[in-house]
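Quick notes on the structure that follows.
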Amino acid sequence: MASVFEYAPAPESRSIVDIAPSYGLFIDGEFVEAADGKVFKTVSPSTEEVLSEVAQAGEADVDRAVQAARKAFEKWSALPGSERAKYLFRIARIIQERSRELAVLETLDNGKPIKETRDADLPLVAAHFFYYAGWADKLDHAGFGANPRPLGVAGQVIPWNFPLLMLAWKIAPALATGNTVVLKPAETTPLSALFFADICRQAGLPKGVVNILPGFGGAGAALVAHPDVNKVAFTGSTAVGKEIARTVAGTRKKVTLELGGKGANIVFDDAPVDQAVEGIVNGIFFNQGQVCCAGSRLLVQESIQDELLESLKRRLSTLRLGDPLDKNTDIGAINSEEQLTRITSLVEQGEAEGAERWSAACELPESGYWFAPTLFTNVTQAHTVARDEIFGPVLSVLTFRTPDEAVAKANNTPYGLSAGIWTEKGSRILAVANKLRAGVVWSNTFNKFDPTSPFGGYKESGFGREGGRHGLEAYLDV
């Protein structure tokens with residue numbers, strides 16, 4: 001993008017990661033072909049280059065993986081927590097040792113900038129394994145009563161926006177509590193999960209404790225419905241979450257769902273404008289806005305709207321869009337052609353409904369899937385761009401006059417995953433936060449995560465919590 005500064009290219013080397021031409025499913029400690037021999041290709045969103053060919057799991061493969069996990073459960077759950085912790089600590093250290101390799105891989109397969117995978121995703125992935133390794137021998141003291149027991153086999157389905165981080169959120173607490181895992185990564189981003197399978201072997205994890213099944217929605221549905229799965233964990237769209245809820249209704253399966261969001265970022269008139277602008281940018285343009293808890297609705301107090309928007313547009317004009325492997329890149333590629341089509345369609349609908357669109361001037365690369373950072377003004381709560389989750393680099397701007405109006409507008413959504421508050425008054429932060437129906441409320445910051453802090457939503461953003469001590473409960477019979 002255009003900038004007052006000229007940045008020389010600073011590309012990260014692709015040679016650090018060795019991607020094989022093909023990968024199998026990881027079942028019972030081995031890479032194997034799919035039972036029906038089906039494969040699919042995974043593509044780099046920034047270049048549309050085919051990275052590898054991957055085995056496509058079907059119902060028979062799901063059954064085979066669940067059986068392997070069930071067989072491994074007996075010995076894994078019987079291990080003392082201190083022994084399980086050793087494996088998690090080992091996995092965490094290997095992730096740190098291979099973090100540069102994994103960051104490049106994630107950027108190639110997902111499209112997000114290397115500075116995000118390197119500086120945000122990978123440190124958090126390792127931190128989650130370190131954190132839950134520490135809990136493995138302390139479960140009696142976690143507040144769930146004496147001798148809490150693991151559930152059994154956990155079926156886990158993760159999205160494409162944070163492939164390795166969502167894997168860590170799911171697998172680390174499952175293993176720490178003595179469960180075994182069958183995990184299905186998203187079809188557009190299977191590679192980091194398959195590399196994690198290799199890390200499990202490198203760490204000497206017993207066979208069958210972790211199984212990885214790349215595939216499409218049918219494989220995920222078969223995993224959720226499998227009668228020998230005791231726990232279902234899903235992160236993804238609200239529509240699929242509702243299907244999962246219907247599938248497991250009437251069974252004894254324990255379920256956690258982390259679904260969509262339409263987070264409100266509330267800026268009061270006493271907020272430090274420059275700091276708020278940085279928080280707004282981080283809230284919606286981090287990972288190209290492909291974040292469930294993105295601050296995609298900006299609620300700004302009417303008296304500072306002009307000042308804030310002027311500063312925000314100036315800041316957006318300095319963002320650099322382009323090669324995700326360039327360390328200077330701020331905005332990478334949209335994950336898939338399908339997602340780009342959805343973003344484009346919703347933005348066009350916003351314009352048709354009368355909202356005023358502004359996009360930062362930038363040159364989009366000729367190949368790959370790209371969308372310029374965009375904001376809408378003159379937005380009402382009736383506009384589609386203020387109601388629907390766009391899951392892209394698109395911000396809707398609304399105004400308010402009083403704190404009560406800000407709360408009412410923030411809560412006027414079927415979602416309830418996240419919110420942000422910007423003000424110099426601590427009392428106002430506490431008063432407003434207590435009224436917001438959001439699972440996570442950030443004050444004078446946004447998109448800050450820590451493995452010790454629970455994360456989850458209300459309403460159509462799902463139920464259950466991941467992270468922190470609370471994240472253990474979903475994997476224990478309490």
Side-chain angles (χ1 to χ4, degrees), residues 25-29 32 34-35 55-74 76-77 132 149-160 163-164 166-187 189-190 193-194 196-197 200 205 207-237 239-259 456 462-466 471-477:
L25 314 173
F26 186 69
I27 299 175
D28 205 18
V32 297
Q56 179 181 329
E59 196 168 333
D61 304 301
V62 170
D63 187 58
R64 188 166 36 149
V66 172
Q67 287 181 23
R70 175 60 59 195
K71 182 181 175 183
F73 173 70
E74 186 176 343
W76 179 251
S77 61
Y132 281 110
R149 306 300 302 160
L151 297 170
V153 176
Q156 304 175 328
V157 182
I158 60 174
W160 45 259
L164 199 55
M166 292 298 99
L167 176 150
W169 279 27
K170 302 281 189 290
I171 290 182
L175 298 192
T177 49
N179 299 275
T180 53
V181 167
V182 180
L183 179 133
K184 192 203 87 69
E187 60 267 24
T189 54
L194 293 167
F196 180 79
C200 290
L205 193 71
K207 291 184 176 182
V209 173
V210 169
N211 305 272
I212 308 288
L213 299 180
F216 289 78
L223 180 58
V224 169
H226 197 286
D228 211 18
V229 166
N230 306 99
K231 159 78 173 105
V232 173
F234 173 74
T235 296
S237 72
V240 175
K242 289 179 178 179
E243 287 182 26
I244 290 173
R246 284 190 288 266
T247 299
V248 302
T251 71
R252 295 176 62 85
K253 293 176 184 176
K254 207 165 185 177
V255 187
T256 49
L257 301 174
E258 194 263 277
L259 309 175
F463 51 81
R465 293 295 180 264
E466 294 181 299
L472 295 166
E473 184 177 4
Y475 291 94
L476 290 170
D477 182 359

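Taking CG from Leu25 and CZ from Arg64, the interatomic distance works out to 6.5 Å, rounded to the nearest 0.5 Å. Taking CG of Leu213 as the start and CG of Leu223 as the end, the distance is 7.0 Å to the nearest 0.5 Å. Here OG of Ser237 is found 10.0 Å from NZ of Lys242. Values are rounded to the nearest 0.5 Å. Here CG of Asp63 is found 10.0 Å from CD1 of Ile27. Values are rounded to the nearest 0.5 Å. Taken from OG1 in Thr256 to CD in Glu473, the straight-line distance is 11.0 Å, to the nearest 0.5 Å. Note that the CH2 atom of Trp160 and the OG1 atom of Thr189 stand 8.5 Å from one another [nearest 0.5 Å].
Smallest separation of non-hydrogen atoms from Pro159 and Ala186: C-CB, 3.7 Å. For Ala219 against Ala57, the heavy-atom pair with the smallest separation is CB-O, 3.6 Å. In plain terms, the two heavy atoms of Pro150 and Ser77 that are nearest each other are CG-CB, 3.8 Å.
Within the 3.5 Å criterion, the main-chain N or O of Leu476 finds a donor-acceptor partner in the side chain of Lys254. For Thr180 (side chain) and Val209 (main-chain N/O), no donor-acceptor pair under 3.5 Å exists by modelled atom type. At distances below 3.5 Å, not a single donor-acceptor pair connects side-chain atoms of Glu466 with backbone N or O atoms of Gly471. In terms of modelled atom types and a separation under 3.5 Å, the side chain of Asp61 and the main chain of Ala34 share no donor-acceptor contact. A donor-acceptor distance shorter than 3.5 angstrom exists from the side chain of Arg70 to the backbone of Asp228, with no hydrogens or angles considered. Of the possible donor and acceptor atoms, one in the side chain of Asn179 sits under 3.5 Å from a partner among the backbone N and O of Tyr475. Between the Lys231 side chain and the Gly152 main chain, no donor and acceptor come within less than 3.5 Å of each other. Proximity of a side-chain donor or acceptor of Asn230 to a complementary backbone N or O of Lys253 within less than 3.5 Å is not detected.
No side-chain heavy atom of Pro163 sits less than 4.5 Å from a side-chain heavy atom of Pro185. Here the side chains of Tyr132 and Leu175 are not in contact, with every heavy-atom distance at 4.5 Å or above. Counting heavy atoms from C-beta on, the side chains of Thr235 and Lys170 come closer than 4.5 Å. Using a 4.5 Å heavy-atom cutoff, the side chains of Ile171 and Val210 are in contact. Between Val181 and Asn211, every side-chain heavy-atom pair lies at or beyond the 4.5 Å cut-off. In this structure, Val182 and Val229 have side chains that are not in contact, with every pair of non-hydrogen atoms separated by 4.5 Å or more. Side-chain contact between Pro214 and Leu194 is present, with at least one heavy-atom pair separated by less than 4.5 Å.
For Arg465, there are no side-chain hydrogen bond (donor to acceptor under 3.5 Å, both in side chains) partners, not counting sequence neighbours.
Around CD of Glu187, the count of heavy atoms belonging to other residues, nucleotides or ligands within 6.0 Å exceeds 12.
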Item to complete: Could you give me the CA-CA distance, side-chain angles and deciding distance for Leu183 and Leu167, then say whether side chain to side chain contact (heavy atoms under 4.5 Å, CB included) is met?
Response: CA-CA 8 Å; Leu183 179 133; Leu167 176 150; 4.2 Å; yes
Worksheet item: When you look at Val240 and Phe234, which way does the side chain to side chain contact (heavy atoms under 4.5 Å, CB included) test go after all the steps?
Response: CA-CA 9 Å; Val240 175; Phe234 173 74; 3.4 Å; yes
